[in-house]
Amino acid sequence: MKKIVCLLIGLSFVGCSGEESNNKKSSNEKLRGEEVAVLTDAPDVPPVITRNYPTKVIVNLETTEVKERIADGVDYTFWTFGGKVPGKFIRVREGDLVEFHLHNHPDSKMPHNIDLHAVTGPGGGAASSFTAPGHSSKFSFKAINPGLYVYHCATAPVGMHIANGMYGLILVQPKEGLPKVDREYYVMQSEFYTAGKYGEAGHQPFSMEKALTEIPDYVVFNGSVGAATGDNALPAKVGETVRLYVGNGGPNLVSSFHVIGEIFDKVYIEGGTKSINENVQTTMIPAGGSAIVDFKLETSGTFILVDHSIFRAFNKGAIGMIKVEGNEDLVVYSGKQSDTVYIPEGGAVQDMPQDAAPKVVAMNKSQRLEFGKRVYEQNCMACHQTGGKGLATAFPPLANSDFLNKDKTRAIHIIINGLSGKINVNGQEFDGVMPAQNLSDEDVANVLTYIYNNWGNSGVDVSPGDVASARH
Ligand SMILES: [Cu+2]
């Protein structure tokens, strides 16, 4: 029997040899009774196990291949553990004997199996659970090590089965339990590689080429864009403690998991139970790995879950939300307290007494030209270019400009107020936006005098008085 299984799984990385013995450090607690595991879809987590003894737990998990929404207007054929991505959350207790039944739906086109990282034994259960469409397999394992573990399909081509959505989490609750919290949620990150780009409408097939280069089109929490945002946001209340069981199905990327506006009071690093870090901003979750994060909600509002490799969040879908209801605590977070005008240097300098900060005023035309050149280089040249040459189709020329030379007051207004809409300069049309320049009357007079007296322009002078009267 075992030999046949080895042939069937072909190129999968699963080992075929070795006996499944796991008396490594089996606890000596006696098994009592038997129960069927409660399985849940994300973001729900099965209830806390309150038993203080190990039992035999029967897990029934079905693999199916379903066409579902991955983003608005976009479908994907997901391969699933339990009909959804991520797969069902499984919760057992340390020391339990897990009797695993893997059922592959008759409509499946592919054989599937399961490698649970919580299993001590070759392939994590993969070889023993290899199941053709319309078949069921059974194997059992002892949950020796507590912790939060990823499970996934390991049928060849392994990468493709994982890329199509075949992963989930199993929590082996430590026998002493985890500290009590008010809410627990299941969040799993993963990425998808589709023939079309992010958001391209219609049914998108898997792209092996993109998967090999590890540049996904979608990076998501709980299987699709928006699975944990808006109406699907995770609810909570002020004063509550929340625990997230976070997994990363990969297949390729490492997650920099972060909640905007929260600090993880505790992180069970890499999903283990011994090493607990405190006061963490961002925790790394490797592909095929996990973390448990706990935090207390001190104030109300929406808190955004992201992969802080941030283009994934805002451009590929890796966003989730926790909506916290209740009273805001203005000491914890005040909200915006004021909005005042900020004028770097200028405002403060102008308020200073004259003798403390004498204004640099041009005393004659040559000074005005000299100061004007400086204003031009600092404020205008980036767009209008050296020598006022301009840039075809984007920035009109100031050199030999019929538009500029025609009307000095209009030129002053353009600098003070900015300009947008179609204009014609030397027979060329421009339709851009020039932002208003925050300059003093003196600076405007200097820069315009400099421009008018150079580059083949009309040679008129502009005084600070001209600018002041144009302002009114
Ligand atoms: Cu599979």
Side-chain angles (χ1 to χ4, degrees), residues 2 4-16 39 41-42 59-68 70 75-90 98 100-119 121-139 141 149-170 188-194 203-208 210-212 216 218 220 222-224 247-253 287-290:
K2 196 145 198 183
I4 296 166
V5 167
C6 294
L7 287 175
L8 280 171
I9 58 175
L11 293 174
S12 110
F13 64 55
V14 171
C16 296
L39 306 180
D41 289 320
V59 174
N60 281 295
L61 194 56
E62 183 190 44
T63 55
T64 59
E65 299 164 9
V66 296
K67 194 170 133 183
E68 289 282 351
I70 188 168
D75 288 334
Y76 190 84
T77 300
F78 296 98
W79 298 354
T80 77
F81 285 107
K84 293 235 165 81
V85 178
K88 301 274 186 192
F89 196 106
I90 306 166
V98 182
F100 211 100
H101 298 256
L102 191 70
H103 313 283
N104 191 357
H105 195 279
D107 291 346
S108 293
K109 296 196 173 56
M110 297 288 160
H112 298 293
N113 65 6
I114 192 166
D115 168 350
L116 300 118
H117 294 178
V119 168
S128 326
S129 61
F130 184 87
T131 310
H135 286 248
S136 295
S137 299
K138 175 183 154 191
F139 69 102
F141 70 93
Y149 297 93
V150 167
Y151 65 78
H152 62 88
C153 183
T155 303
V158 178
M160 184 174 178
H161 284 252
I162 296 177
N164 282 341
M166 301 198 78
Y167 38 76
L169 291 179
I170 174 169
M188 197 156 189
Q189 180 175 326
S190 59
E191 70 282 355
F192 288 90
Y193 302 83
T194 54
H203 182 259
Q204 293 294 336
F206 166 69
S207 165
M208 184 58 119
K210 286 183 181 173
L212 285 170
Y218 296 88
V220 294
N222 291 348
S224 64
N248 183 4
N252 293 315
L253 302 185
S290 71

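We count ligands from 1, going down the list as the structure has it; atoms in each ligand are counted the same way.
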Measure from the ring center of His117 to the ring center of His152 and say whether it is less than 6.0 Å. yes
Evaluate the side-chain contact (heavy atoms from CB on, under 4.5 Å) criterion for residues Leu102 and Phe130: first the C-alpha distance (whole Å), next the side-chain angles of each, then the deciding distance (0.1 Å), finally the verdict.
CA-CA 9 Å; Leu102 191 70; Phe130 184 87; over 6 Å; no
ask   = Any N/O/S atom, backbone or side chain, of Asn164 lying under 2.8 Å from the Cu ion (ligand 1)?
value = no
In His112, the N/O/S atom nearest the Cu ion (ligand 1) carries the name ND1
Under 30°, 30 to 60°, or over 60°: which ring-plane class applies to Phe100 and Phe139, parallel, tilted or perpendicular?
parallel
Vertex the Cu ion (ligand 1), ends His161/ND1 and Cys153/SG: angle to nearest 10° comes to 110°
When you look at Asp115 and Cys153, which way does the side-chain contact (heavy atoms from CB on, under 4.5 Å) test go after all the steps?
CA-CA 6 Å; Asp115 168 350; Cys153 183; over 6 Å; no
